[in-house]
Structures are given as C-alpha cells and as structure tokens.
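I have placed the structure first, in the form of structure tokens, so that the comments after it can refer back to it.
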Amino acid sequence: MKLPRTTLILILLALGLGGFVYFYEIRGATQREEIKEQKQKIFSFGEDDVQSLTIKTKKFTLNLERSPESSSNPKWLIKSPISGPANDAIVSYLMDLLVKDNSDRTLSTPAKHLGEFALDPPQATINITLKNRQSHQLILGKSNFNGRFLYAQADPAAKPDGNINVLLVSTDFANAVNRELSEWKQPVDNSQKLPPLTIPKPTPTNSK
C-alpha cells in the first residue's frame with residue numbers, strides 16, 4: 001500500500017520532532033546536568049575551617065598557620081622557612097580562591113598521562129589542614145591550550161577504572177602561589193620607626 005505524499009511528509013516530520021525531543025530533552029538534559037555537576041566548588045570547607053596551609057613551589061616550601069588569637073592582626077603567621085607575621089592580603093587572596101572557586105570541567109585520564117598536564121611533577125602543591133584535623137590537597141599543573149585555565153587535581157585518588165580526575169581551575173591560582181618569599185611577609189610600616197621630627201632652637205647670641 002502506497003502512502004499519500006502528504007501522509008509520508010507528516011510521518012517524517014513526526015520522526016524528526018521525536019528525534020529532536022529525545023536528543024534535546026533527554027540526552028541534552030543529561031549532558032546539561034553533567035556540566036552543572038562539573039562546575040562545582042573545588043572544596044566544600046569554609047575559610048574559618050582552615051588551620052594551616054603548606055604551599056610548595058619550585059622555589060621553596062612555605063608553612064602558614066592561623067594566629068592563635070582570632071582577633072589579632074595579622075591573622076596568619078609564617079612558620080617556615082622564616083618566621084613572622086604573614087601578609088594577610090596575600091593569604092586572603094589564596095584562601096578566597098580555595099573556598100569559592102569552581103572547577104570549569106573535569107577530565108578523566110590514566111595516571112601515566114599526568115606528566116602531559118605538568119601534574120607530575122607539578123608547578124605547585126597546596127596542602128590544607130582544617131581545624132578538625134581533616135586534610136585536603138590541590139595540585140597545580142600547566143595552563144590548558146588557550147591559557148584560560150590551569151590543569152589541577154583536588155584530593156587526588158584513583159577511580160575504580162584506574163583513571164585520575166583532572167580539573168580545569170582558574171589561572172588566578174598560579175598568581176596566588178608563585179610569589180617571592182618577601183611578598184608573603186607582612187609589610188613593615190616604616191612610618192612607625194621614624195624618629196619624631198624636631199626643629200632645632202636658634203642659638204642665642206650675645207649682644208654687645
């Protein structure tokens with residue numbers, strides 16, 4: 001039985017619409033949900049939960065601890081490789097990234113390929129210890145192909161299939177950790193060390 005041309009066109013349109021609904025509403029929704037899930041915070045702890053930070057770069061390893069006095073200034077102290085008050089603005093900049101920044105997406109790759117992302121060895125490693133003794137780690141690699149993100153690992157662990165998750169995170173992390181040691185120290189207020197300004201008194205002269 002030969003279907004009329006109009007009927008055949010309607011059937012093809014229905015099939016095409018059904019395919020569109022399937023790919024957009026069903027598969028598309030799944031993909032959009034996956035993207036939504038990928039763009040999540042790197043870590044779930046808050047700034048006040050952090051007790052100490054250890055930042056290891058190719059130049060040095062820096063150990064920071066929160067000041068025992070919550071209301072003190074500075075809030076952070078450098079424990080090594082030198083000791084003294086830390087630059088709160090610099091530490092807060094890094095802390096803000098750790099607490100609030102999201103990963104753009106997650107890649108699954110075999111552990112043997114980590115060197116391709118400059119994650120083995122990495123350009124920097126940040127170890128975080130919380131007040132409840134829990135620890136977290138962020139490993140930073142090189143920039144991606146367009147320089148918009150850094151490859152990174154957060155609390156790295158192998159999945160059941162043996163692969164490792166590689167995140168894409170903000171390049172601000174590189175700016176936050178790749179600093180000279182002097183930048184991590186609290187700036188010295190030289191105005192407090194200057195002696196008070198004194199105006200010499202005129203020397204009296206003997207009149208004849």
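Residue numbers run from 1 in the order of the sequence given. Quick note: numbers below take in every heavy atom, side chains included, and nothing from hydrogens, waters or symmetry partners. All of these numbers come straight from a predicted model, not from anything done at the bench.
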Run the side-chain hydrogen bond (donor to acceptor under 3.5 Å, both in side chains) test against N132 and tell me which residues pass, sequence neighbours left out.
none
Using 0.5 Å steps for rounding, measure from the OG1 atom of T129 to the NZ atom of K131.
13.0 Å
Atom pair NZ/OG of K185 and S83 - distance to nearest 0.5 Å:
10.5 Å
Rounded to the nearest 0.5 angstrom, the NZ-CG distance for K112 and D120 is 14.0 Å
What pair of heavy atoms forms the shortest contact from L140 to A152, and how long is it?
CD2-CB, 4.1 Å
Measure the spacing between CZ of F173 and CG of L97 and express it to the nearest 0.5 Å.
4.5 Å
4.5 Å side-chain heavy-atom contact, M95 and L53
yes
Pairwise side-chain contact, L94 with V177, heavy-atom cut-off 4.5 Å (strictly under)
yes
No-hydrogen, no-angle side-chain donor-acceptor test under 3.5 Å, N144 and N146:
yes
Looking at side-chain heavy atoms only, is the closest gap between I90 and W76 below 4.5 Å?
no
Under a 4.5 Å cut-off applied to non-hydrogen side-chain atoms, are I139 and L114 in contact?
no
Under a 4.5 Å cut-off applied to non-hydrogen side-chain atoms, are E183 and N87 in contact?
no
Joint cluster assignment, V91 & I42, ILVMFWY side-chain distance < 4.5 Å
yes
Over all atoms of both residues, closest heavy-atom pair of V99 and G46
CG2-C, 3.9 Å
Work out which heavy atom in Q153 is nearest to a heavy atom in P156; give both atom names and the distance.
NE2-CB, 3.4 Å
Would you mind writing out the side-chain donor-acceptor pairs for residues 57-65 within the sub-3.5 Å range, not counting sequence neighbours?
{"unit_1": "T57", "atom_1": "OG1", "unit_2": "K59", "atom_2": "N", "d": "3.3"}
{"unit_1": "T57", "atom_1": "OG1", "unit_2": "F60", "atom_2": "N", "d": "3.4"}
{"unit_1": "T57", "atom_1": "OG1", "unit_2": "F60", "atom_2": "O", "d": "3.3"}
{"unit_1": "K59", "atom_1": "NZ", "unit_2": "E180", "atom_2": "OE2", "d": "2.6"}
{"unit_1": "N63", "atom_1": "OD1", "unit_2": "T54", "atom_2": "OG1", "d": "2.8"}
{"unit_1": "N63", "atom_1": "ND2", "unit_2": "S80", "atom_2": "OG", "d": "2.5"}

Measure up the H136 and F45 rings against each other and bin them: parallel (under 30°), tilted (30 to 60°), perpendicular (over 60°).
tilted
Does one side chain, of N163 or S108, offer a donor that lies under 3.5 Å from an acceptor on the other?
yes
Atom OG in S135, atom CG in L130: separation rounded to 0.5 Å?
8.0 Å
From D155 CG over to F43 CZ, what is the distance, rounded to the nearest 0.5 angstrom?
5.0 Å
Looking only at heavy atoms, the pair that brings S170 and L150 closest together is O-CD1, 3.8 Å
Between I126 and V169, is there shared hydrophobic-cluster membership here, with clusters defined by ILVMFWY side-chain heavy atoms closer than 4.5 Å?
yes
Under 3.5 Å, is there a donor-acceptor pair linking the side chains of N178 and Q123?
yes
Which heavy atom of L167 sits nearest a heavy atom of A154, and at what distance?
CD1-CB, 3.7 Å
Could you tell me which non-hydrogen atom of I78 sits nearest to which non-hydrogen atom of P85, and how far apart they are?
CD1-O, 4.1 Å
Has R105 got a side-chain atom pairing as donor or acceptor with L168's backbone, closer than 3.5 angstrom?
no
Taking side chain as C-beta onward, heavy atoms only, is L138 less than 4.5 Å from L98?
yes
I'd like to check W184 versus I82 (side-chain heavy atoms, cut-off strictly below 4.5 Å). Are they in contact?
no
For E116, is there any backbone N or O sitting under 3.5 Å from a side-chain donor or acceptor partner on K142?
yes
Applying side-chain hydrogen bond (donor to acceptor under 3.5 Å, both in side chains), name anything that partners R148, two or more places apart in sequence or on another chain.
none
Should R66 and V50 count as side-chain neighbours, where that means a heavy-atom distance under 4.5 Å?
yes
